[in-house]
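So you know, we letter chains A, B, ... as the sequences are listed, proteins then strands, and number each from 1.
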Amino acid sequence: MAETHEGATRRDFIHVASATMGAVGAACVAWPLIDQMNPAADTLALATTEFDVSGVEEGMAVTIVWRGKPVFVRHRTAKEIEEAGAVDINDLPDPETDGARAAKPEMLVLVGVCTHLGCVPLGQKATDPRGEWGGWFCPCHGSHYDTSGRIRKGPAPTNLPVPPYEYISDTVIRIG
Amino acid sequence: MMGARGLLTVAAAALVSLGLTAAPAKAAGNAVELPSQNWSFAGIFGTFDRGELQRGFQVYKEVCAGCHSLDYIAFRNLADLGFNELEIKAIAAEYEVQDGPNDDGEMFDRPGLPADRFPAPFANDNAARASNGGALPPDLSLMVDARPNGANYLYALMTGYGDAPSGVTVAEGMSYNAYFPGHQIAMPAPIADDGVEYADGTKATVDQQARDVTAFLTWAAEPNLEERKRMGVMAVLFLLVMTGLLYASKRKIWADVH
Amino acid sequence: MSGPNFSNPVVRWIDHRLPVFTFMHHEMHEYPTPKNLNYWWNFGSLAGIVLVIMLLTGIILAMHYTPHVDYAFQSVERIMRDVNYGWLIRYIHANGASFFFIVVYIHIFRGLYYGSYKAPRELLWMLGVVILLLMMATAFMGYVLPWGQMSFWGATVITNLFSALPGVGEWIVTLLWGGFSVDNPTLNRFFSLHYLLPFVIVGVVVLHIVALHRFGSNNPLGIDVRGKQDSIPFHPYYTVKDMFGLGVFLTIFAAVVFFMPNAMGHPDNYIPANPLVTPAHIVPEWYFLPFYAILRAVPDKLLGVLAMFAAIAVLFILPWLDRSPVRSATFRPLFKIFFWIFAANCVLLTYLGGKPAEGIYVILSRLATVYYFFHFLILLPGLSIFETPKPLPRSISQPVLGSGTAGASKENS
């Protein structure tokens, strides 16, 4: 019965065709079941945030939320900008020039999540400690960031990340 | 033997049951026949007419939105109607949306963003009732799905206002409607000839507005309708071919048994 | 019996320690299946596949659903509008429930027609009835989850039934509700149990299949397999036939899911639940309608509840009600007629369950309910005694091979 069958049927075109079509169908069905775990439309709608920086006065800093994370927007003073630029980048644990980190030097936009283990560093409010370089200080394990948000001392391995952003007008940035 | 005759009997019985069990929904109070309209989105190849949706949106905005919320539609969804990103931002910005609390602990209003949903005209159901003589204008996001034969029903409702037939008394504050269950509806006739001035210049008769707002609300209830039907055509065609192939495979393998 | 020889060393290593491959080979290639099974035998494997579809889509929906009265309805709308392909997964799950019952009801009626519940398959049948009960509990709780008007009011009506039980009734209802009415505690626990029960169903299905494999499948002639000439290996014959049947099923299922996804549902469930407004006509989903009709047919509350449960309980004892030694209706001309009358009565009960409890519908429901119990409790036992069946063929192969023995006897074998 089956013995004499199997030799002939295994290579029959019709069976190969059916099985192939079945496999294609299975793949078409599998994709939506996987894609449903990707961010939904309402989540994606919050993937970009626009912010008008003209409300941030010189010397002040504002924290906004982008993709569920805090984003620091600091309107730097001339002194802070100068300090950020006057560093030999080879001395930095994560070498990066200040110019590469701010499109407009007076407005610094950083993701406020410490690159060590994810706490939110202090330094946004006037009363906050700012660490030894006048930027930000992470109280969890003692990371110090300078006025460009670069790591100077402490366990954090890299500088505070700069989120993807652009100026869509003179005063409005779009992040993400 | 069971065979084909039995199969047909069972299939017939199943179809009869399906048809009959669909009936109770219609039997709920509506003795009036609902006339069937031609809708662009009906049938297996149905699609939305973007012009119709945009006009319907205009009717919703200018006529209905004063009382009826559209809770499940976000401004970004209007891209389906053909609006581009800037137009959507502009539409959203026309609305005030509550946000907060701010650093003082207070809630505040800000202009809408594309990610926001349409804000409701009333803060809650009680406020809605207070402004409408005790009646609650329902949310319209799912209205087409929440009524049997929803699209035809909505159109009939919009155009079904008129004088009560002789012998029928209409209660204080109610209006007569030929298609509303019980024939007395708290909402006065919402649309009138030339009630809106269409942006595309179409003449805004009651019939036109009713048609357009029904199409818009059908979209609001099911934004994925077109994708569903498009995928459906491909899926059924694919399955028909695959089932045909499988039948051939089956016959081939069973050839020595038969 | 020595197992098959596998050429792949990895396969051999695993199989020696956990004989899954030998097991699969036995089930597929060696397990003898009657050669004369018709398409009504496809519905068992179809039911198993629909169960898998429901599990997959259900687990995915649970990733996005919130089981709280304030968020349930809108979380379902979020699935429909924002989750990628959420609308498709939701429609598959909702319509899959209906199709699960269609397939299982046909599977049950196949069993009734061909006497598959008779010795030695009584336990197989009873496990099936247990699966049906579990399906009904699962489906009932699942329908509550979207928290629409029908969800809420269907839950209220059905949970209130238990108050009919004397003494403990009220206490049981309060325990089910977790409060003084259907509310958030009820919804939360229904979500938990709705997620749990399908896995219990899987367990009972395994037992169901083990019981099946003890004696093998019944067949349209209702006579036992006598030897190798009466049977064929499950693979490739029934695997390919089941695949074809699956293709037909999926085509019809896809047509419904994509083109009429709300046809079997109720528009009122697109209205968020409102404990202060009762819908004009509370109707359960179609697959509960015959039992709903029986419930309402009896004017007494407690007796109505008991009659509804009795309608399923009577299925458990069916092997002892119908004692005819002839299994298949093919050879039982009177039984065959009454089978179709019974089937028509079930369709009538389904129809009546969806109608308001007024006028002629009440009388018809009572007649149909009485007939339902008459069929099982009086007719079937009576037929066992008084019916003269047609003569059975000598074996399954005989009709195919023609006159196997010269002067083939027309007597019962």
4.5 Å side-chain heavy-atom contact, [X] and [Y]:
X	Y	answer
Ser141(B)	Arg81(C)	yes
Tyr270(C)	Arg147(B)	no
Met231(B)	Leu88(C)	yes
Lys229(B)	Phe259(C)	yes
Trp254(B)	Ile232(C)	yes

Per-residue contact mode, [X] against chain B (heavy atom under 4.5 angstrom):
X	value
Phe249(C)	neither
Tyr39(C)	side chain
Tyr105(C)	neither
Gln149(C)	neither

Greatest number of heavy atom pairs closer than 4.5 Å to chain B - which of Phe331(C), Tyr91(C), Phe258(C), Phe253(C): Phe258(C)
Among the listed options Pro261(C), Ala329(C), Ser98(C), the residue most often paired with chain B at heavy-atom distances under 4.5 Å: Pro261(C)
Residues Phe244(C), Met242(B); criterion side chain to side chain contact (heavy atoms under 4.5 Å, CB included); working and verdict: CA-CA 9 Å; Phe244(C) 165 60; Met242(B) 191 178 80; over 6 Å; no
Polar contact flag, side-chain donor to acceptor under 3.5 angstrom, Tyr72(B)-Asp82(C): no
Heavy-atom pair of closest approach, residues [X] and [Y]:
X	Y	answer
Ile253(B)	Tyr237(C)	O-CE2, 3.3 Å
Leu239(B)	Ala254(C)	CD1-CB, 3.6 Å
Ser249(B)	Val240(C)	CB-CG2, 3.9 Å

Backbone N/O of Asp145(B) and side chain of Asn262(C): donor-acceptor pair under 3.5 Å: no
Counting only heavy atoms from other residues, nucleotides and ligands, does the tally under 6.0 Å from [atom1] of [X] exceed 12?
X	atom1	answer
Asn38(B)	CG	no
Tyr247(B)	OH	no
Arg251(B)	CZ	no

Greatest number of heavy atom pairs closer than 4.5 Å to chain C - which of Leu237(B), Leu142(B), Ile73(B): Leu142(B)
Atom pair CE (Met243(C)) and NZ (Lys250(B)), whose distance is rounded to the nearest 0.5 Å: 14.5 Å
Atom pair NZ/CG of Lys241(C) and Leu246(B) - distance to nearest 0.5 Å: 14.0 Å
With Thr251(C) via side-chain hydrogen bond (donor to acceptor under 3.5 Å, both in side chains) - residues at least two apart: Thr243(B)
